[in-house]
Enquirer: 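Please find one structure pasted underneath; my questions will follow.
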Amino acid sequence: MKKQPIGLLDSGVGGLTVVKEVMRLLPNEEIYYVGDSARNPYGPRPLSEVLEYSIQIANFLVSKGIKLLVIACNTATVASLDVLQKRLDIPVIGVIESGTKAAISSTKNKKIGVIGTQGTIQSNEYEKQIMGLLEGAIVQSVACPQFVSIVEKNQYEDELARKVVSEELSPFVDSDMDTLVLGCTHYPLLQRIIQDYLGNDLMLINPGIEVAKQVQSILIDKAIIDTGEKASNHVFYTSGDPVKFNDIAIHWLKRHDFDVKHIAVEELEKYGK
Ligand code: DGL
């Protein structure tokens, strides 16, 4: 089992922010990734639909022999974590628990901001988990519906991104929070612009870093960590445009040792139920 890949899924390129941290911490592990850009964004969809898509992708990855699944999407974590943990006989983790823990260990004044998609923010999942673990916490949650498409279109370093960030994050301008959770895996690609807008004193939480540590500890616990050679056969599937996906992946991961393949939505649908 040690040689089997780790699977990650997202609605598009966002989960690459988690892939980057997993690759950094666990260089021997082979990664199989599915980014469902053809059906992006997941954020405004009913959670029942996001669950259906997540099940399809999870089953597809299981058919590729993965030994552990990371739901590298906050919206899909809300929609499908419990179901997939019950259905699959491999370990399945999401990103919200890690984001919560990282935020709690960062905050000094217990004032925490959370940004995410409409689906994640409406579920109140971060707020529930933070309040459950940190007494007296004050959480301000804001949905940022325009961020994901800027990232998917590879415009996350453009002037437009600055404009959109300043519009969507304006509710935080007078906030005295000391920590902000990037509660959508697409958002770390906008991290520098967000930091410039809200100031350097604010701690930004990228849950991917904590997720990678969680993956490591599960692999060690179950004695399925790959102790062999550095992995170099990573495969990234996208239901969208593979050229655009490849460009973003190279730019974000700063490496080339992966293959990008197209997978049609019709193909993923065969893995439903
Ligand atoms: N990257 C995803 C998340 O973490 C979803 C983005 C979207 O498709 O709306 O929530």
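Atoms within a ligand are numbered from 1 in the order they appear, just like the ligands themselves. Quantities reported herein were computed from a predicted structural model and do not represent experimental measurements.
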Enquirer: Treating Lys64 as the side-chain partner and Tyr32 as the backbone partner, does any N or O pair qualify as donor plus acceptor under 3.5 Å?
Expert: no
Enquirer: With a cutoff of 4.0 Å, is Pro41 in contact with ligand 1, counting heavy atoms of the residue only?
Expert: yes
Enquirer: Lys244 side chain to Lys153 main-chain N or O, any donor-acceptor pair under 3.5 Å?
Expert: no
Enquirer: Is there a polar contact between ligand 1 and Ala72, counting only N or O atoms under 3.5 Å apart?
Expert: no
Enquirer: Mind checking whether Thr117 contacts ligand 1 via backbone (N, CA, C, O), side chain (CB onward), both or neither, at a 4.0 Å heavy-atom cut-off?
Expert: side chain
Enquirer: Which option wins on minimum heavy-atom distance to atom 7 (C) of ligand 1: Tyr53, Phe147, Tyr187, Tyr42?
Expert: Tyr42
Enquirer: Ligand 1 versus Thr75, non-hydrogen atoms closer than 4.0 Å: side chain, backbone, both, neither?
Expert: both
Enquirer: Could you check whether any side-chain N or O of Ser106 sits under 3.5 Å from a backbone N or O of Ala102, counting only pairs where one atom can act as donor and the other as acceptor?
Expert: no
Enquirer: Considering only the protein, which heavy-atom contact is closest to atom 2 (C) of ligand 1, and what is its distance?
Expert: Cys73 SG, 3.2 Å
Enquirer: For ligand 1, does Ser11 get within less than 4.0 Å through its side chain, its backbone, both, or neither, judged by non-hydrogen atoms?
Expert: side chain
Enquirer: Considering the heavy atoms of Asp10, write down every atom of ligand 1 situated less than 4.0 Å from one of them.
Expert: 1 (N), 2 (C)
Enquirer: Provide the number and element of each atom of ligand 1 under 4.0 Å from a heavy atom of Gly43.
Expert: 7 (C), 8 (O), 9 (O)
Enquirer: Using modelled atom types only, decide if a donor and an acceptor are shared between the side chain of Asn206 and the backbone of Thr17 within a distance under 3.5 Å.
Expert: no
Enquirer: Would the distance check show the side chain of Thr107 and the main-chain N or O of Ile104 forming a donor-acceptor pair, the cut-off being under 3.5 Å?
Expert: no
Enquirer: Closer than 3.5 angstrom, by distance alone: can the side chain of Ser239 be matched with the main-chain N or O of Ser37 as a donor-acceptor pair?
Expert: yes
Enquirer: Which bit of Asn74 gets closer than 4.0 Å to ligand 1, counting heavy atoms only: side chain, backbone, both or neither?
Expert: both
Enquirer: Any ion pair linking Lys108 and Asp178 (charged N to carboxylate O, less than 4.0 Å)?
Expert: no
Enquirer: Classify the ring geometry between Tyr156 and His251 as parallel (under 30°), tilted (30 to 60°) or perpendicular (over 60°).
Expert: tilted
Enquirer: Look at atom 1 (N) of ligand 1 and say which protein heavy atom is nearest, naming residue and atom and giving the distance to 0.1 Å.
Expert: His186 ND1, 2.8 Å
